[in-house]
Each structure stands twice: as C-alpha cells, then as structure tokens.
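Heads up, the thing below is written out as structure tokens.
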Amino acid sequence: MKTYIKDLSTHQDSLVTLQGWVQNKRESKGLVFLIIRDGSGFCQCIVDLNNIGEEQFNKATSLGQESSLRLTGKVVEDTRQIGGFEMHVQEIDIIQNCANYPIANKEHGIEFLMDQRHLWLRSKRQWAIMRVRNQVIFAIHNFFQKEGFVQMDAPIFTGNACEGTTDLFETDFYGEPAYLSQSGQLYGESMAMAMGKIYTFGPTFRSEKSKTRRHLSEFWMIEPEMAFYDIFDNMDCIEDFVRFVVKEILDKCKMELELLERDTTILEKTVEAFVRLTYDDAVAIIKGEKDVDGKTTIAVLENDLLETKKQIEALKADNAEREALIAAGGMKKGKVNFNLNTIDKNKNLIKQLEEDERNIPQWLESAKNFTYGEDFGGSDETVLTRMFDVPVMVYDWPHEIKAFYLKRNPDNPKFARGVDMLAPEGYGEVVGGGERETNEQMLIEKINEHQLPMEEFEWYLDLRRFGSVPHAGFGLGLERLLAWICKLPHVRETIPFPRMYGRLKP
RNA sequence: GCCUCAUUAGCUCAGUUGGUUAGAGCGACGGACUGUUAAUCCGCAGGUCCCAGGUUCGAGUCCUGGAUGGGGCGCCA
C-alpha cells in the first residue's frame, strides 16, 4: 500500500514512505527543508544531520528543484504547515537528481509559462486548477446521470457546417473535405428522440482568429438535449445544472479554491434565483434606459472607470514610496528584494488596470450606442452582467440574428426562443441554447434563408417528419465555466494543453 | 481582418533629451549559517538590447517596414 500526502493525517507518529518530487528546498546549517509534492498534495520534509548521518544528509543538500525521490520518515503534527503535518526524514532514496529546472519560484510572463506548459502543470496554481477541472467534469456527469440523462458521443468528423456562421477546421476524409465538429447539437437532437434526455461531452473546434481571454480553438462542450422541454423548462435545467456544479466545487474543492485565493462570495450566491431577462429588457438595461436597483449601466461603468483610475494612482503612489525607501538606504537586503518584487507586481497590475481604463470607455460607448436588433458583443455582456451578482439568462432574441434551428415565440414570431446564460464578474456567455423549431416548413425556410446546403440537412428534417415533439437544449463551455469558478484571467489556464490562435505547442 | 500596447541576461524588469565600458533583483553555481515558510548573508558567472533598413559624428533610445507576444473589437461556448 502506497502512502500519499493527502492521507498523512491518518499516519500520525508512524513511519511511512512518500514518493514524489522536490518542489522547493530551504537550507540551514545541519538542516534541510524539502517541500515535496506527490500529486495528492504538498508536504514539508525535514532532514536533520544529527538524525540521519552525513552521507544521507549530503544527498539532501545536493537535490535540485523537481528531483524525484522516495523519502521514509516519521509523520509529525505541525500546525504551521499547510496540511498540518510534516515528515522527519530517516532515509532518502534519490530516483533522479536534476538541475536547472526552468520555472523558478517567482513571477513569470505568460509566454514563457505557456512554452513550459508541460512543466508548468506541476506548479501549485495549475495543480489546483486541474483538480477543479476534474471535479467539475465529475459533477457534470453526476448531475445528468442522477437526472436520468443518457450520455452520448457525437461525431467529430462532420460533413456539414451546423450553423454555417463560424470558421471550421477542414481535414481530408479519404479525399472528401470533412470538418472538425463545432457542435454535436443536431446529433444530440436525434438521440434525444431515442432516449428522451441526453447529453454530449466532447471536444469542439472553432477556427476563429480570436485573441481574447475567452476563446480557444479547441475546447470541451457539454450539450444536453431534452424531449418535451420548452424554453422555460430549459432555463430551469440550466439553472439547476449550474447551481449543482458550483455547489459541488464549493463543497469538494475548498483547498483548491483557497490556494487560488478565490473569494467564494459570488459563487455562494448561486443558491439564489438566477436573473431572467427578455432580449428587450436586457437591451433597455444595456443602453441605460432602464435601471437595476436604482442604478443604470452608465452610472455603474462611469463609477468603475473612476475606481480604476483611483487604483492606478494608489498603486503608483505605493511604488514611488517603496522606491524612495529603497533609495534612502539602510534597508536590509531581504526587505529590498521584497519591495522590488512588489513593485514589479504592482507594475503588472497597473498595466492590467490601464487596459481596463482604455476599454471601459469603449464598452460604455458601445453600450450607449447599442442598436436594437443586434446580437450582444463581449462588451455588452460585460456591461449587463456588471449589474447583477448572480448569472443572467437572456431569452427571446430577434430571430434574424440567431441560429436557423431555434423555435419562434408562438405569441410573437419576431423572437426566437434562444437563451444565453451570462456568468457574473465579467465572464460573459457560458451557456447558449434554446427551444428547437419543430415545424418542417419553418426549418426549410430558415435553411434557405441562411443559404445552407439542404441535402446536408435531409436527415435532420426527418426528425420533424417522424414523431416531432417540442424539445430544447443548450451548450455549456467547460473552460469558460472553469475560468469563472476559479476566477482566472484567461481560459487558457483551464485546459492542460491549450490550442488557440498562435499556440499549437507543446 | 481591424485597433492598441509591448519585445534589453535563463526569468522579472530599470535604462534620463540620442553620448564613454548596458544595470538591478531572482534563478543557477561556490561558500556561510541548527526551525526555515519565495529563508537569510557573502561571492561568482551570465548580453545578437526581436529582425532588416534609415536618420545622425554617434542609436538600446528617433523614423520606416517586418516578426513574435499581450489585450480589445468582430465571431462565439
């Protein structure tokens, strides 16, 4: 039976062997502190010259960062440590002693870290994110399985463009052009007619040359499809689903969220009802014509801009103060280093804030000038979600701007029964879905309107010819949900090896 | 595709109006120190200033073009 760091509390005062890697090392005369990670957690292991002898001790001092080893020693309680326990080492068995590990225990730039992604995954933050990802995936399956959904796999090679709007990756399928799937939805609809309720969970490919914090070329999408569901049943499902996943993470990833320094206040708010707005109401709020709790978007954003400016000033003043203190001299070297590092950190923060400072007026402008009838842009989503601290669902969109397969509102055919769920804190669209058109003639008209190749959709039209029923579904972007749950600045950190515009390696 | 900001040591960054031999910290390496939490202290090594042109007596610094990266828009999950 192997022992893992996460289980150390059950081995108090007994002798165990850990297998892992040296995450960091601190040395003192006759003492070496090894921070060991084994995948399950982190543990400080103490090597004491007096207890272990010179030969074993020299092994410890020679270890480079990320060397692999086995350590045998006694598990001792120590409240100062993260897990509450440390190991007093009795024997060191080096598997590989290595030197010059490229990632240091300090601030690095994103390009450098992305080039080192295969090693970066070992770092604490990345380790925490990947564990949350694992738990989110598990929670998603749990939710649908307990609700009686059947998981299905949609094909990845497709012959048609499902929505025809976004760019597809083309490949060669035995001499025929084939495209990598950008959605499994149409296949999901077929399966829902066989199983009642289904969900897909698979990779999705979009060849959009988007350089933003919310886009990947390859990402994972969950697409449930439910027979006999209308738009409102669909929104209930989205809400229950997102609430369940967030609750699971709050319960099971406490340590990871703490490591990520995630303030969970907003996540805890998901127990409350999500906001539901029609497109018309959402537009009125975005344009500042309608207020939320007495505040308009314009007032909130102008305040945001003011706050941003204040923060920049405060950081600059803080840096000037630190620089003056260093220049005055007499400061201990360790303190100087700490201050220099803080100055660098502050500078990075200032850069980000200055980007916001440039962007907020653009968003405000775009919100004020929003043209009724158009789709929301990234800035409109940001402006809208800024008004609420729970997820916002916007439904009943002008049918012209939405996908061909969405059902019209029977009371007002101007609107299609699509729904988008926008996450709070500026994360924007995480879910897109809606009730599907059931009428064959309406679908044919829409396919022609969108100039899509009718022959590619014959099989899809069959679903309306043989036992057509009301049905609805949605697609959730795993990485966007994760970025919000972990409050990460970019989706690229939520997937082990991101594929995006300009990034194919490692 | 468009807009914007950036590129100086392995990493994170300074570099004044264009002026002698381009600096600091971290990391690495060598040494000191018996409880450290990114330990600390001393020493040492480390440079194609992104590339190509141009202006100039003189360019890391100014100009033009290009490459790469960050962010935003469009598009989307």
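Residue numbers start from 1 in every chain, and the chains themselves are labelled A, B, ... in the order their sequence lines are given, proteins ahead of strands.
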(request) Please tell me which of A:Ser210 and A:Gly502 maps to the more 5' nucleotide of RNA chain B, matching each residue to the nucleotide holding its nearest heavy atom. (result) A:Gly502

(message) With nearest nucleotide decided by heavy atoms, which residue, A:Thr212 or A:Arg503, maps closer to the 5′ end of RNA chain B?
(response) A:Arg503

Can you check nucleotides 28-32 of chain B for protein contacts, nitrogen or oxygen pairs under 3.5 Å, and list what you find?
| unit_1 | atom_1 | unit_2 | atom_2 | d |
| --- | --- | --- | --- | --- |
| B:A28 | O2' | A:Asn100 | OD1 | 3.1 |

Please write out each protein N/O paired with an N/O of nucleotides 8-15 of chain B under 3.5 Å, distance rounded to 0.1 Å.
| unit_1 | atom_1 | unit_2 | atom_2 | d |
| --- | --- | --- | --- | --- |
| B:C11 | O2' | A:His108 | ND1 | 2.6 |
| B:C11 | O2 | A:Lys106 | NZ | 2.5 |
| B:U12 | OP1 | A:Gly109 | N | 2.7 |
| B:U12 | O4' | A:Lys106 | NZ | 3.4 |
| B:U12 | O2' | A:Asp344 | OD2 | 3.2 |
| B:C13 | OP1 | A:Asn348 | OD1 | 3.4 |

(request) Would you please name every residue forming a side chain to side chain donor-acceptor pair (under 3.5 Å) with A:Asp240, sequence neighbours left out? (result) none

(request) List in chain and number order the residues that pass ring-ring contact (aromatic ring centres under 6.0 Å, His included) with A:Phe112, two or more places apart in sequence or in another chain; answer none if no residue qualifies. (result) A:His108

(message) For A:Trp397, give me all partners under ring-ring contact (aromatic ring centres under 6.0 Å, His included), at least two apart in sequence or on another chain.
(response)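 For A:Trp397 the ring-ring contact (aromatic ring centres under 6.0 Å, His included) partners, ignoring immediate neighbours, are A:Tyr279, A:Phe376.
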
(request) With a 4.0 Å heavy-atom cut-off, tell me which residues in residues 366-382 of chain A come close to RNA chain B, sorted by residue number. (result) A:Asp375, A:Gly377, A:Gly378, A:Ser379, A:Glu381

(request) Take atom C1' in B:G46 and the same atom in B:G30, then report the distance between them in whole Å. (result) 15 Å

(request) Please measure how far the C1' atom in B:C29 lies from the corresponding atom in B:C44, and state the result in whole Å. (result)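 These two C1' atoms come out 8 Å apart once rounded.
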
(message) Counting only side-chain heavy atoms from C-beta out, which of B:A77, B:C33, B:G70 sits nearest to A:Glu429?
(response) B:A77

(request) Would you please determine if the base of B:A77 is stacked by A:Phe219, with stacking meaning a centroid separation under 5.5 angstrom and planes under 30 degrees? (result) yes

(request) Using a cut-off of strictly less than 4.0 Å, decide whether A:His490 has a side-chain nitrogen or oxygen near OP1 or OP2 of B:G71. (result)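 True: A:His490 side-chain N/O within range (under 4.0 Å) of B:G71 OP1/OP2.
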
(request) Taking only the side-chain nitrogens and oxygens of A:Arg213, find out if one of them lies under 4.0 Å from OP1 or OP2 of B:A77. (result) no

